[in-house]
Amino acid sequence: MAETTMDKIVSLCKRRGFIYQSSEIYGGLAGSWDYGPLGVSLKNNIRDFWWREMTQIYDNIVGLDSAILMHPKVWEASGHISNFTDPLVDCKNCKARFRADQIDLEAPCPNCGAKETFTKPRNFNLMFSTHIGSVEDEGSKIYLRPETAQGIYVDFKNVVQSSRVKVPFGIAQVGKSFRNEITTKSFIFRSVEFEQMEMQFFCKPGTDDHWFSHWREERLNSYHRMGIKPSSLRWHKHDDTELAFYAKEAYDIQFLFPMGWQELEGIHNRTDYDLTQHQKFSTKDLTYLDQETNERFIPYVVETSAGLTRNVLMALSDAYEEQTLENGEERTVLHFHPLIAPVMVAVLPLVKKDGLAEYSEKLEKSLREDFVTFYDQNGAIGRRYRRMDEIGTPYCVTVDYQSLSDDTVTLRYRDSMQQVRVPVSELVGRIRAANKEYVRP
RNA sequence: GCGACUGUCGUAUAACGGCUAUUACCCGAGCUUCCCAAGCUCGAGACGGGGGUUCGACUCCCCUCAGUCGCUCCA
């Protein structure tokens, strides 16, 4: 089988309208990407799949959409600001980070004892800043959020008081985040503007380990349900040197991208760190009262944090296949699970004369209520099948002369290329059934 | 942010200090066609951007933007 390279995926994405470079006619902007007609459909489908699982299937998870721009104190409380307003040094040996003004740079590393391993003092300006109002001064400086999680923590009290949730419960949010990355890399894998799908699960201290393993299992299973090859997914546990300062335990789900194993989603036990910080900085009481036991506590948080845009790249990488058919011809096919395929069904007249085109257009319109459809009458039928294969359309419906007399059509399956004769009246049911049984080849 | 390399139609490419910048695939219009990229005709489409050298620059030089690889970074 031909190797799936990033070049091939980038090329397909541009050619077929999945993803373009931002501001391309002006020479492009590094680390920014636009989602074309098929790309936005794929991205929305992945987002909707996640949202449906999290807020509709599971118990006790509610949704939220918090603002991208937040009070600057949020980022002081979270620790984001202190980490870039003060020059920092890293120990190259143990990766520990220190404020340059608080340690002796000539001395051995206080953490691991290694000598002369400090980097030069640097400012880490990972947050984009801007100004509210038309006057630029320090007082009006605000930031674009570098993660969606803080919006959830800050609204914790509001959600508890307004939606009758009881611990343990979760808050889910999908939204854009921004990081002023020093290097952007590997197509859309790391970009300055990206979308996150995060769920913060609030639980009683002491139950956090249970919920941590619960969510680890659920999140990996979710990718299996999306049709991703299990052999392309694996766990990566953060050891002590990789653990963020707020985390008690952290695992990443990694995916085998064309450039190697990379992080797709993080499951982190963030303890009560964030709520405690916000309680301290806001001076508002963020404790939770358990009415049954009459206990008051700050909940622990288990976070599932997935990159939506990374999910798009995963879906493309996982689905991409170049096949050599039995007759020696080549085809490129995207094996998207029907749940996320940008187009569900294409309707194609075998030829475009003798009323076949008219019949097909009418059929295509009638299917629109149930599926995302596409109509194409242009060129030989085989060519149109290949075009649909290349954008990952799971089903093609072909109208021929027999259709005109008995209202049956050919239903052609993308992965197997097999065809069955189906009455038009059974089409929707057949496609729905096939979707339920779908197994990625 | 540092170093090395690379920029020609959507993709992959060819050539050249000087005639209308080559070819294939893709794409569009038409003909043909009763199920998997067939064929024929026609058509659209490119030298990343700016500056310099030169009678003349896609070609040489400088800057810039973008990309690839390695380091760094990824609280």
Side-chain angles (χ1 to χ4, degrees), chain A residues 5-8 10-18 20-33 36 75-76 78-86 88 90 92 95-99 119-120 122-127 146-147 149-150 179-187 189-192 194 242-247 252 259 262-263 266 273 307 323 325-333 348-354 356 376-390 396-404 409-414 416-421:
Chain A
T5 64
M6 195 65 92
D7 282 350
K8 290 176 183 172
V10 173
S11 171
L12 174 73
C13 282
K14 185 173 183 192
R15 188 155 35 89
R16 292 302 189 187
F18 282 93
Y20 321 113
Q21 188 170 30
S22 165
S23 315
E24 196 183 72
I25 62 170
Y26 288 102
L29 182 66
S32 288
W33 303 92
W75 308 113
E76 287 180 37
S78 69
H80 286 81
I81 284 185
S82 61
N83 279 323
F84 81 83
T85 49
D86 304 313
L88 300 174
D90 288 333
K92 291 177 195 166
K95 309 291 183 196
R97 177 162 288 168
F98 307 95
R99 279 178 59 169
T119 58
K120 277 181 288 186
R122 290 170 292 188
N123 284 317
F124 286 84
N125 197 351
L126 284 168
M127 283 197 290
E147 64 176 27
Q150 298 304 325
R179 293 184 197 179
N180 212 344
E181 302 283 3
I182 292 167
T183 50
T184 54
K185 220 174 178 178
S186 299
F187 195 32
F189 180 77
R190 185 190 288 176
S191 44
V192 294
F194 59 103
E242 293 174 296
L243 220 46
F245 59 87
Y246 51 74
D252 291 338
M259 67 282 188
Q262 295 287 342
E263 181 190 344
Y273 174 81
Q323 293 178 330
L325 305 177
E326 285 175 16
N327 62 8
E329 287 176 352
E330 310 263 325
R331 76 161 181 165
T332 300
V333 55
L348 317 167
L350 189 59
V351 294
K352 58 179 160 183
K353 58 181 185 182
D354 301 330
L356 295 187
D376 189 4
Q377 62 174 33
N378 192 2
I381 188 70
R383 177 188 299 271
R384 283 176 277 160
Y385 285 148
R386 300 300 165 80
R387 272 201 283 247
M388 288 299 107
D389 290 340
E390 205 180 29
C396 290
V397 169
T398 306
V399 171
D400 57 22
Y401 286 99
Q402 191 187 332
S403 310
L404 300 180
V409 291
T410 303
L411 179 60
R412 183 250 193 196
Y413 297 89
R414 175 195 65 201
S416 65
M417 297 173 71
Q418 284 177 344
Q419 309 187 97
V420 291
R421 193 94 203 163

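Letters A, B, ... mirror the listed sequences (proteins, then strands); counts begin at 1.
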Nucleotide opposite [N] in a Watson-Crick or G-U pair, distances under 3.5 Å:
N      : answer
G28(B) : C42(B)
U33(B) : none
G56(B) : none
A12(B) : U23(B)
C2(B)  : G70(B)

Taking any heavy-atom pair under 4.0 Å as a contact, classify [X]: base, sugar-phosphate, or nothing.
X         : result
Glu24(A)  : nothing
Gly31(A)  : sugar-phosphate
Glu147(A) : base

| task | Produce a footprint string for nucleotides 43-51 of chain B: one letter per nucleotide, 5' end first; B if the base is under 4.0 Å from any protein heavy atom, S if only the sugar-phosphate is, - if neither. | result | ---------

| task | Indicate for each nucleotide in nucleotides 23-35 of chain B, in 5' to 3' sequence, whether protein heavy atoms under 4.0 Å reach the base (B), only the sugar-phosphate (S), or nothing (-). | result | ---SSSSS--BBB

| request: For the side chain of Arg179(A), starting at C-beta, report the closest nucleotide among A37(B), G67(B), C74(B). | output: C74(B)

| query | Between U11(B), C74(B), A37(B), which nucleotide has the shortest distance from any of its atoms to the side chain of Arg190(A)? | reply | C74(B)

Pick the [atom1] atom in [N] and in [M], then give their distance to the nearest Å.
N      : M      : atom1 : answer
U23(B) : U41(B) : P     : 14 Å
A15(B) : A66(B) : P     : 29 Å
C16(B) : G28(B) : P     : 34 Å
C74(B) : A4(B)  : P     : 24 Å
G49(B) : C42(B) : P     : 31 Å
A21(B) : U54(B) : P     : 26 Å
U59(B) : G70(B) : C1'   : 30 Å
G17(B) : C61(B) : P     : 14 Å

Please name the pair of heavy atoms, one in [X] and one in [Y], separated by the smallest distance, quoted to 0.1 Å.
X         : Y         : result
Gln21(A)  : Trp33(A)  : CA-CE3, 3.6 Å
Leu356(A) : Val351(A) : CB-O, 3.4 Å
Arg412(A) : Met417(A) : NH2-CG, 3.7 Å
Gln377(A) : Pro349(A) : CB-CG, 3.8 Å
Val409(A) : Val397(A) : CG2-CG1, 3.6 Å
Asn378(A) : Arg387(A) : O-NH2, 2.7 Å

| remark: Hits for ring-ring contact (aromatic ring centres under 6.0 Å, His included) against Tyr413(A), two or more places apart or cross-chain, chain-then-number order -> Tyr395(A)

| request: Using heavy atoms to find the nearest nucleotide of RNA chain B for Ser186(A) and Asp389(A) separately, return the residue whose nucleotide is more 5′. | output: Asp389(A)

| message | Judged by each residue's nearest nucleotide on RNA chain B, which is more toward the 5′ side, Leu29(A) or Lys14(A)? | response | Lys14(A)

| request: Calculate, to the nearest 0.5 Å, the distance between atoms CZ and CD belonging to Phe189(A) and Gln262(A) respectively. | output: 4.0 Å

| Are the side chain of Arg331(A) and the backbone of Arg386(A) linked by a donor-acceptor contact shorter than 3.5 Å? | no

| Does Ser191(A) use its side chain to pair, donor to acceptor, with the backbone of Phe194(A) at less than 3.5 Å? | no

Using whole Å, what does the distance between atom [atom2] of nucleotide [N] and atom [atom1] of [X] come to?
X         : N      : atom1 : atom2 : value
Arg386(A) : U11(B) : CZ    : C1'   : 18 Å
Glu330(A) : C36(B) : CD    : C1'   : 14 Å
Phe187(A) : C69(B) : CZ    : P     : 13 Å

| message | So for Arg331(A) and C36(B), does any side-chain atom that can act as donor or acceptor lie under 3.5 Å from a complementary atom in the base? | response | no

| field | Salt bridge present between Asp376(A) and Arg384(A) (N-O < 4.0 angstrom) | value | no

